[in-house]
Trainee: 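Pasting a structure here, questions to come.
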Amino acid sequence: MIGVLALQGDFEAHRKMLDGLGVPTVEVRTATDLAQVDALILPGGESTTIIKLLNRIGLDKAIQERFQAGMPVYGTCAGMILLAQSIEGRPEQPTLGLLNATVTRNAFGRQIDSFEADIPFRQGDGQPDKTVRGIFIRAPYLSEIGAGVEVLGRFQDKIVAVRQRSLLATAFHPELTGDATVHAYFVHMVAASEEKRG
Ligand code: GLN
């Protein structure tokens with residue numbers, strides 16, 4: 001069962017994508033919801049709003065604890081911002097701090113708010129690289145990555161897809177395209193999850 005954080009943003013699109021892969025999903029709004037899922041998706045939206053809401057309901061702590069125990073987490077766009085350790089130029093904006101990286105918000109310029117691009121995606125595990133379709137909407141990129149972070153995709157040299165053990169993050173939105181490659185990759189991570197739940 002994959003939970004999709006449903007406080008704000010494009011959570012419906014993630015559910016539809018996973019539905020297409022035959023994977024059951026549930027909307028997560030409380031710690032009780034979180035306790036029922038095997039993995040969590042943090043959707044795109046407005047990262048400042050989402051972190052405030054997470055904090056208000058104490059879901060930030062609950063997510064951090066489950067992540068430390070090994071729960072797989074996938075963040076897209078604002079979700080990637082929420083996962084990063086720090087935000088370039090905004091030391092005051094809190095995050096969940098699970099991804100050993102610094103993120104730059106709204107990083108592709110103001111003139112072009114959104115665009116679509118093909119991103120070469122490294123699947124690893126002896127699987128061939130794939131090209132995935134991504135939609136970028138006021139998207140971030142990772143300006144710095146630390147130990148344990150593996151780059152899965154770049155756009156024009158900028159890091160836009162990474163994995164750190166049970167954590168996956170993309171600056172773009174595959175859930176708004178017809179391309180289920182990245183979601184299938186995450187489902188594979190969830191199936192291989194070694195989270196210990198007591
Ligand atoms: N720019 C947004 C933010 O900083 C993210 C945009 C998105 O999720 N599509 O939160």
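Note that ligands are numbered from 1 as they come in the structure, with each ligand's atoms numbered from 1 the same way.
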Trainee: Quick check on contacts: which atoms of ligand 1 are under 4.0 angstrom from a heavy atom of G44?
Mentor: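 Counting atoms of ligand 1 from 1, those under 4.0 Å from G44 are 8 (O).
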Trainee: Walk me through whether F136 and F155 qualify under ring pair (Phe, Tyr, Trp, His ring centres under 6.0 Å).
Mentor: CA-CA 10 Å; F136 292 74; F155 174 69; 5.4 Å; yes
Trainee: With only distance considered, is T76 within less than 3.5 Å of ligand 1 through an N or O on each side?
Mentor: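 Among all N and O atoms of T76, none is under 3.5 Å from an N or O of ligand 1.
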Trainee: What I want to know is whether I81 and ligand 1 share at least one N or O pair that is separated by under 3.5 angstrom.
Mentor: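 Among all N and O atoms of I81, none is under 3.5 Å from an N or O of ligand 1.
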Trainee: A side-chain contact here means heavy atoms from C-beta on lying under 4.5 Å apart; do R122 and V151 qualify?
Mentor: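 No, side chains not in contact.
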Trainee: Against the six-membered ring of F121, is K130 placed for a cation-pi contact (under 6.0 Å from the centre, within 45° of the normal)?
Mentor: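 Checked: cation-pi criterion not met.
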Trainee: Which residue and atom name correspond to the protein heavy atom nearest atom 4 (O) of ligand 1, and how close is it?
Mentor: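 Ranking protein heavy atoms by distance from atom 4 (O) of ligand 1, first comes R105 NE, 2.6 Å.
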Trainee: Counting non-hydrogen protein atoms only, what is the nearest one to atom 1 (N) of ligand 1? Give residue, atom name and distance.
Mentor: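 Protein heavy atom at minimum distance: N106 OD1, 2.7 Å.
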Trainee: Checking the side chain of R154 only, and the main-chain atoms of I159 only, is there a donor and an acceptor separated by less than 3.5 Å?
Mentor: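 Looks like no, no N/O pair under 3.5 Å.
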Trainee: With respect to atom 2 (C) of ligand 1, which of G79, G45, G9 exhibits the smallest heavy-atom separation?
Mentor: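 Checking each option, the heavy atom nearest atom 2 (C) of ligand 1 is found in G45.
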Trainee: Hey, does T48 come in under 3.5 Å of ligand 1, counting only N/O atoms on both sides?
Mentor: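 No: no nitrogen or oxygen of T48 is under 3.5 Å from one in ligand 1.
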Trainee: Just wondering, do I145 and N100 contact through their side chains at under 4.5 Å, heavy atoms?
Mentor: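 SC-SC contact between N100 and I145 ruled out.
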Trainee: Taking both backbone and side-chain atoms of C77, is any N or O found less than 3.5 Å from an N or O belonging to ligand 1?
Mentor: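 No - when backbone and side-chain N and O of C77 are compared with those of ligand 1, no distance drops under 3.5 Å.
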Trainee: Please list the nearest protein heavy atom to atom 10 (O) of ligand 1 with its residue and the distance rounded to 0.1 Å.
Mentor: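 Of the protein heavy atoms, S47 N, 2.7 Å lies nearest.
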Trainee: I'd like to know whether the aromatic ring centres of F108 and Y141 sit less than 6.0 Å apart in this structure.
Mentor: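 Centroid separation for F108 and Y141: below 6.0 Å.
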Trainee: Describe, in one word, how the ring planes of F186 and Y74 are oriented to each other, choosing from parallel (under 30°), tilted (30 to 60°) and perpendicular (over 60°).
Mentor: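 Ring orientation, 0 to 90° scale: tilted.
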